[in-house]
Amino acid sequence: MNSRNVCHSLAVALRFGTTKLNRSGWNPSRRCNSISSMSGQLGGQLSYVQRMKMLQNLREKTGITEEVIRKGKCLVYYKGDPLLTENFSIAWMDFDDLQVEPKLFLENAMLLGMAERGEFQFAVQIVGFGKESKQAVLSKSQGSFTDFRLSLMMMPTYEASLASKAKAIFNWHRRNTHCAKCGSPSVRNSTASCRTCHKCEEVWYPTLSPVGIVLVADTTKSNLLLVRQGRHPKGMYSCIAGYVDSGETLEEGIRREVAEEVGLTVLSVDYKASQHWSFPTSNLMIGCHAIVNGNETLDVDTSELEDARWFSVEEVRRSLDSIKTNPLETMSAIKEGTDQFFVPPRGTLAHSLIDAWLSG
Ligand SMILES: NC(=O)C1=CN([C@@H]2O[C@H](COP(=O)(O)OP(=O)(O)OC[C@H]3O[C@@H](n4cnc5c(N)ncnc54)[C@H](O)[C@@H]3O)[C@@H](O)[C@H]2O)C=CC1
């Protein structure tokens, strides 16, 4: 089985307004002074600060011009799946290779960011380009369209965050075509960073929900508590996660989730890392380590969880090593129906929290 077939199988196994643009939107005839003045810098390395200022300028002042599009590289999506190379990196495409009018491109694209060499990064959905679009892209590129969830687990971290951002923003625009204040149609700006109501001019920004995710250890630090939901692949145990409620701090949300889901008292919480996560919508996963009183009896909320169990550090380390060394083979074995315990794959914050705890 070649690696693409393995990937396809794994993807199955892991199944877990109008185009008129507003005043900061598309205007092909407008020259953008700031971009023109920057053009001397393009091609060389740009500092992080320079790049952020330029992106801010595009979002908030000038909007996207044809000049910007032509200097761009595109992350291409077909029906929600990104175009990746054989090695699970983004198969960036030049705008010219997409053979589409700039206006149609922009109606289906969003500004993602800017590479260090000054290339603008776009994400674009090609479904809107017509029936032949998929074949046309595949014939011009070295990539193939790869299941989105699998992509996030296999891509380099930086690229996975770009892919996650694009998916979340596209979804948000699709679901938020009308103003939540007056009900009139809203229009997106050219970078896709917001929508403006045509009637009342209220501006709407993509929403992001905070989720606390926590790796729980007992006071001896020799046991880790992991949980599984019915929708997880067979054998997979992960960290406790839950949405932070309005009015709560992150720590309060985590204490409440641990109490509700497994009936344990959290003694301490330490922030570790965060990750954007676009399932099912747009979440900011905020990852922590926590210590609980391990003498208390587990009281599992079976409406949320199928199981919660203490694992020894050695058991968790063996599982993590296996999935780190051979991610595709391990996931493939799991798909065949093994009862083997495994931790979430690379690309998930749960995996990083476990990895950080074991290396700490
Ligand atoms: N990247 C990672 O390592 C992991 C990510 N996750 C993600 O964390 C999120 C939360 O996990 P679960 O609690 O298991 O999710 P869930 O989808 O089971 O949600 C639990 C409950 O929260 C409520 N809810 C749903 N959406 C909400 C929102 N936007 N704001 C407030 N409440 C909401 C609903 O009542 C739902 O029943 C999910 O998106 C899940 O995919 C979970 C574990 C690991």
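Sequence positions, counted from 1, serve as the residue numbers for this chain. Note that the coordinates shown come from a computational prediction; the quantities given were computed from them, not determined experimentally. All ligand and atom numbering here is 1-based and tracks the order in the structure.
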Relative to the heavy atoms of [X], which atoms of ligand 1 are at a distance of less than 4.0 Å?
X	result
Phe279	38 (C), 39 (O), 41 (O)
Gln229	14 (O)
Gly242	13 (O)
Ser209	29 (N)
Ile213	3 (O), 4 (C), 43 (C), 44 (C)
Met285	4 (C), 5 (C), 6 (N), 7 (C), 8 (O)
Gln275	1 (N)

(message) Does this structure show an ion pair linking Lys103 with Glu107, if we count only N-O contacts that are shorter than 4.0 Å?
(response)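 A salt bridge is present here (some side-chain N lies under 4.0 Å from a carboxylate O).
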
(message) Please determine whether a side-chain nitrogen of the Lys or Arg among Arg346 and Asp355 lies less than 4.0 Å from a carboxylate oxygen of the Asp or Glu.
(response)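 Looking at Arg346 and Asp355, the cut-off is not met.
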
(request) Report yes if Leu349 has an N/O atom closer than 3.5 Å to an N/O atom of ligand 1; otherwise report no. (result)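 N/O-N/O distance below 3.5 Å exists for this pair.
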
(request) Flag His351 as yes when one of its N or O atoms lies below 3.5 Å from any N or O atom of ligand 1, and as no otherwise. (result)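 For ligand 1, there is no N or O atom that lies under 3.5 Å from one belonging to His351.
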
Identity and distance of the protein heavy atom lying nearest [atom]:
atom	value
atom 3 (O) of ligand 1	Ala350 N, 2.9 Å
atom 37 (O) of ligand 1	Glu304 OE2, 4.7 Å
atom 22 (O) of ligand 1	Tyr243 CD1, 3.5 Å
atom 41 (O) of ligand 1	Trp277 NE1, 3.0 Å
atom 42 (C) of ligand 1	Ala241 CB, 3.7 Å

(message) Same cluster or not: Leu358 versus Leu215, using hydrophobic residues (I, L, V, M, F, W, Y) connected whenever any side-chain heavy atoms lie under 4.5 Å apart?
(response)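 As far as the 4.5 Å side-chain criterion goes, Leu215 and Leu358 are connected within one cluster.
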
(message) Aromatic contact between Phe279 and Phe148, with the criterion being ring centroids under 6.0 Å apart: yes or no?
(response)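 Phe279 vs Phe148: aromatic centres under 6.0 Å.
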
(message) Ring centroids only, cut at 6.0 angstrom: are Tyr237 and Phe342 within range, meaning strictly under it?
(response)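 Ring centroids of Tyr237 and Phe342 are no less than 6.0 Å from each other.
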
(request) Can you spot which of Lys140, Lys71, Arg70, Lys73 makes a salt bridge (charged side-chain N to carboxylate O under 4.0 Å, His left out) with Asp96? (result)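 The option that passes is Arg70.
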
So, do [X] and [Y] sit near enough that their side-chain heavy atoms are less than 4.5 Å apart?
X	Y	value
Phe145	Leu84	no
Leu75	Gln121	no
Phe105	Leu98	yes

(message) In this structure, does ligand 1 have an atom that sits under 4.0 Å from one of the heavy atoms of Pro344?
(response)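 Pro344 does not count as a contact of ligand 1 under the 4.0 Å cut-off.
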
(request) Run the contact test for Arg231 against ligand 1 with a 4.0 Å cut-off on heavy atoms, strictly below, and give the result. (result)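 Right, Arg231 reaches ligand 1.
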
(request) Kindly indicate whether atom 35 (O) of ligand 1 is approached by any protein heavy atom to under 4.0 angstrom. (result)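 Protein heavy atoms within 4.0 Å of atom 35 (O) of ligand 1 - there are none.
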
(message) Please classify the Thr348 to ligand 1 contact at 4.0 Å (heavy-atom distances, strictly less than): side chain, backbone, both or neither.
(response)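 Answer for Thr348: both.
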
(request) Determine, stepwise, if the pair Lys272 / His289 fulfils side chain to side chain contact (heavy atoms under 4.5 Å, CB included). (result) CA-CA 7 Å; Lys272 289 293 161 188; His289 289 169; 3.4 Å; yes

(message) Could you tell me if Ser193 and Asn189 have a donor-acceptor pair between their side chains, going purely by distance under 3.5 Å?
(response)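 Yes, because at least one side-chain N or O of Asn189 sits under 3.5 Å from a partner of the opposite role on Ser193.
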
